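Throughout, protein chains are lettered first and strands after them, A, B, ... in sequence-line order, and every chain is numbered starting at 1. In this text the structure is predicted, and so the values were computed from the model without any measurement.
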Protein chains: 2
Amino acid sequence: KRNRPMAEHGVVRRVSEMMVGTFVTITGEESVKEAANRLLKGNTNHLPVIDAENRLIGIVTTFDISKAFARDEEDQKVSEIMTRSVITALPDEPVDLAARRLQQNNIGALVVIDTAKKVLGMLNSYDLGDLVGERWHK
Amino acid sequence: KRNRPMAEHGVVRRVSEMMVGTFVTITGEESVKEAANRLLKGNTNHLPVIDAENRLIGIVTTFDISKAFARDEEDQKVSEIMTRSVITALPDEPVDLAARRLQQNNIGALVVIDTAKKVLGMLNSYDLGDLVGERWHK
Ligand SMILES: C[S@@+](CC[C@H](N)C(=O)[O-])C[C@H]1O[C@@H](n2cnc3c(N)ncnc32)[C@H](O)[C@@H]1O
């Protein structure tokens with residue numbers, strides 16, 4: 001049942017409809033302190049790390065900052081503490097597939113990217129609350 | 001429609017079915033560093049803060065640790081950086097109501113408590129991924 005939940009009912013919701021299009025990013029060369037500042041200003045837990053061509057190369061979260069602090073490793077660069085294999089979504093994906101990816105990986109957000117790895121937005125798990133237990137409505 | 005999503009269909013899922021029953025806690029007297037260590041060991045972003053009678057008095061998250069670090073306030077006690085008005089859920093609540101509370105408050109987890117404010121578990125937004133876009137099935 002879980003593999004064709006929406007085949008015969010109503011509208012398929014896409015990631016692009018539920019994602020947040022405003023987000024902050026950082027480069028790998030910046031400091032852990034700067035990452036913490038940017039997370040605070042952005043009021044977010046998730047900071048995509050991009051290269052000079054704006055392509056996604058990692059993610060640094062408040063969990064990573066807290067971990068670096070716990071280990072006295074806060075004197076590092078973002079590239080040294082970031083997670084390199086980022087779990088992503090494409091804008092046209094059905095949102096329930098993305099929601100399951102969040103669950104399977106125990107993470108709070110997916111980075112939404114295009115095929116050139118350019119960041120388009122963030123899909124936060126809490127932003128899907130309205131869709132819990134319902135089929136899509138228009 | 002959103003206000004009676006499950007009235008006439010199938011099973012109502014309760015918070016207790018979806019919450020995680022293993023969690024770590026901390027007291028307000030402990031240091032921010034100890035909180036960061038405990039978050040790391042518990043592999044979690046959310047640490048309920050309890051008093052001597054095991055009652056919930058706050059929450060400290062990796063966001064709060066990262067914020068304290070950004071502001072050079074990491075030399076504080078947990079009680080000084082915690083959020084005091086904790087957003088909670090009761091174990092018997094329908095999970096879709098809790099999911100909407102996560103969304104309305106832009107937070108990743110609710111603390112599940114009993115009527116005596118004792119912590120029973122955590123409800124993580126990513127753990128609801130399986131319920132996105134579906135009605136409950138047994
Ligand atoms: C509002 S969130 C901001 C992060 C952003 N919503 C995100 O995840 O991208 C951060 C704040 O929420 C607070 N918080 C998290 N869970 C909470 C809960 N269950 N009750 C009250 N405050 C909570 C934390 O203490 C922290 O100060």
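- Between B/Ser66 and A/Thr62, the side chains place no donor N or O within less than 3.5 Å of an acceptor N or O (distance only, hydrogens not considered).
- Across all their heavy atoms, B/Leu128 and A/Gln103 have their closest contact at C-OE1, 4.2 Å.
- Closest approach of B/Tyr126 and A/Leu102 over heavy atoms only: CB-O, 3.8 Å.
- The shortest heavy-atom contact between A/Arg100 and B/Val132 is NH2-O, 3.6 Å.
- Most heavy-atom pairs under 4.5 Å with chain B, from the set A/Asn124, A/Leu39, A/Ile107, A/Asp72: that is A/Ile107.
- B/Asn106 contributes atom CG, which lies 9.5 Å from atom OG1 of A/Thr44 (distance to the nearest 0.5 angstrom).
- Residues A/Val119 and A/Ile59 share a single hydrophobic cluster, defined by chaining ILVMFWY side chains whose heavy atoms lie under 4.5 Å apart.
- Shown here is A/Lys117, whose NZ atom has no more than 12 heavy atoms of other residues, nucleotides or ligands within 6.0 Å.
- Minimum interatomic distance between A/Leu40 and B/Phe63 (heavy atoms only, all atoms of both residues): CD1-CZ, 4.2 Å.
- No path of Ile, Leu, Val, Met, Phe, Trp and Tyr side chains, each step under 4.5 Å between heavy atoms, connects B/Ile113 with B/Val49, placing them in separate hydrophobic clusters.
- Both the backbone and the side chain of B/Glu74 come within contact range of chain A, with heavy atoms under 4.5 Å apart.
- For B/Arg71, the part sitting under 4.5 Å from any heavy atom of chain A is the side chain, from C-beta outward, and nothing else.
- Put simply, A/Leu47 and A/Val112 are part of two different groups of oily side chains (I, L, V, M, F, W, Y) that touch within less than 4.5 Å, one to the next.
- Both B/Val32 and B/Val60 are members of a single hydrophobic cluster when ILVMFWY side chains are connected at heavy-atom separations under 4.5 Å.
- Hydrophobic clustering, with ILVMFWY side chains joined whenever heavy atoms are under 4.5 angstrom apart, keeps A/Leu123 apart from A/Phe23.
- Here CG of A/Asn43 is found 8.5 Å from NZ of B/Lys67. Values are rounded to the nearest 0.5 Å.
- The heavy-atom pair separating B/Lys33 from A/Phe69 by the smallest distance is NZ-O, 3.3 Å.
- For chain B, the nearby parts of A/Asp127 are the backbone and the side chain; heavy atoms of each come within less than 4.5 Å.
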